[in-house]
Amino acid sequence: VQLVESGGGLVQPGGSLRLSCTASGFTFDDYAMAWVRQAPGQGLEWVSTISPAGSSVYYSDSVKGRFTISRDNAKNTLYLQMYGLRPEDTAVFYCARHNVPKLTPLESTASQYAVRGRGTQVTVSS
């Protein structure tokens, strides 16, 4: 199982970034996928989840209305489009696979997504 994130970088407050995650080694469309993040000195924080078929999406209150999660099952790829970035969004963002196939939780925590990539750094600063 491998998850490889890309697309992070340095952006000014109010800016945008699009993160991508390429998955391999498992049946991608069997699993709900998520983005989780870890800010400096903080624990893992769940950000967003998308169901296996992409028909249901969920967001934490801190990013709702600013971030959009999506997936392309034909390409085994997960995305996170981020708008209106704030300094408090600065973190390492991880692509993550739900622990149980064919299950999409209505409420998520980072611990439900034990399989994660190595992460991509997002820094929001002027």
Side-chain angles (χ1 to χ4, degrees):
V1 175
Q2 191 171 22
L3 299 170
V4 180
E5 302 93 340
S6 61
L10 172 64
V11 63
Q12 292 186 341
S16 302
L17 280 175
R18 189 194 197 203
L19 306 183
S20 299
C21 169
T22 301
S24 62
F26 65 100
T27 304
F28 185 66
D29 57 6
D30 271 353
Y31 288 85
M33 298 295 295
W35 289 94
V36 299
R37 66 185 180 184
Q38 187 166 27
Q42 304 294 316
L44 281 171
E45 176 193 14
W46 169 77
V47 174
S48 181
T49 291
I50 187 167
S51 61
S55 55
S56 298
V57 295
Y58 305 90
Y59 300 95
S60 67
D61 288 343
S62 62
V63 307
K64 196 174 297 181
R66 300 188 298 122
F67 291 9
T68 301
I69 191 172
S70 62
R71 65 192 296 164
D72 184 337
N73 286 344
K75 296 182 178 179
N76 284 4
T77 303
L78 177 72
Y79 303 100
L80 186 68
Q81 179 68 57
M82 304 185 292
Y83 298 101
L85 284 160
R86 305 167 180 168
E88 54 264 38
D89 293 317
T90 295
V92 178
F93 281 71
Y94 299 93
C95 169
R97 188 191 78 176
H98 195 266
N99 296 341
V100 179
K102 304 187 189 298
L103 177 66
T104 305
L106 296 179
E107 295 185 0
S108 286
T109 61
S111 63
Q112 296 170 318
Y113 302 89
V115 177
R116 295 188 286 267
R118 298 183 68 174
T120 186
Q121 177 72 47
V122 172
T123 303
V124 185
S125 175
S126 55

Next on the checklist: Looking at Thr49 and Ala34, would you say the former's side chain and the latter's main chain have a donor-acceptor pair under 3.5 Å?
Outcome noted: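 Checking the backbone N and O of Ala34 against the side chain of Thr49, no donor-acceptor pair under 3.5 Å is found.
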
Item to check | Check: Arg71 side chain, Ser51 main-chain N or O, donor-acceptor pair, under 3.5 Å | outcome: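 At least one qualifying donor-acceptor pair exists.
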
Checklist entry - In the hydrophobic clustering that connects Ile, Leu, Val, Met, Phe, Trp and Tyr at side-chain heavy-atom distances below 4.5 Å, which members other than Val100 occupy its cluster, ordered by chain and number? => result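 Via sub-4.5 Å side-chain contacts, Val100 links to Leu103.
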
Item to check | Residues that, via side-chain heavy atoms closer than 4.5 angstrom, fall in one hydrophobic cluster with Tyr113 | outcome: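 For the cluster that includes Tyr113, the remaining residues are Val36, Leu44, Trp46, Tyr58, Val92, Tyr94, Leu106.
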
Item to check | Donor-acceptor side-chain pairing of Ser111 and Thr109 below 3.5 angstrom | outcome: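 Distance-only check passes for Ser111 and Thr109.
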
Item to check | Residues in side-chain contact (heavy atoms from CB on, under 4.5 Å) contact with Asp29, at least two apart in sequence or another chain | outcome: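 Scan of Asp29 (side-chain contact (heavy atoms from CB on, under 4.5 Å), adjacent residues dropped) gives Thr27, Asn73.
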
Could you grab the distance from atom [atom1] of [X] to atom [atom2] of [Y], nearest 0.5 Å is fine?
X	Y	atom1	atom2	answer
Gln121	Gln38	CD	CD	10.5 Å
Gln112	His98	CD	NE2	4.5 Å
Leu3	Phe28	CG	CZ	8.0 Å
Thr120	Arg37	OG1	CZ	14.0 Å

Is there side-chain contact between [X] and [Y], with at least one heavy-atom pair below 4.5 Å?
X	Y	answer
Ser70	Gln81	no
Glu88	Ser62	no
Tyr31	Pro52	no
Val47	Met82	no

Item to check | Criterion side-chain contact (heavy atoms from CB on, under 4.5 Å) against Met33, the qualifying member of Ile50, Thr77, Ile69, Thr104 | outcome: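 It is Ile50, the one option of Ile50, Thr77, Ile69, Thr104 that forms the side-chain contact (heavy atoms from CB on, under 4.5 Å) with Met33.
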
Checklist entry - Which salt bridge (charged side-chain N to carboxylate O under 4.0 Å, His left out) pairs, counting each pair once, include a residue from residues 56-67, with sequence neighbours left out? => result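 Those involving residues 56-67 are Asp61-Lys64, Arg66-Asp89.
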
Checklist entry - Which pairs, with at least one residue in residues 61-88 and sequence neighbours excluded, count as a ring-ring contact (aromatic ring centres under 6.0 Å, His included)? => result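 As it turns out, there is no ring-ring contact (aromatic ring centres under 6.0 Å, His included) pair with a partner in residues 61-88 once direct neighbours are skipped.
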
Next on the checklist: Hydrophobic cluster membership, with links at side-chain heavy-atom distances under 4.5 Å among I/L/V/M/F/W/Y: are Val4 and Val1 in one?
Outcome noted: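 Per the 4.5 Å side-chain linkage, Val4 and Val1 are not co-clustered.
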
Got a list of side-chain donor-acceptor pairs under 3.5 Å for residues 11-24, not counting sequence neighbours?
none

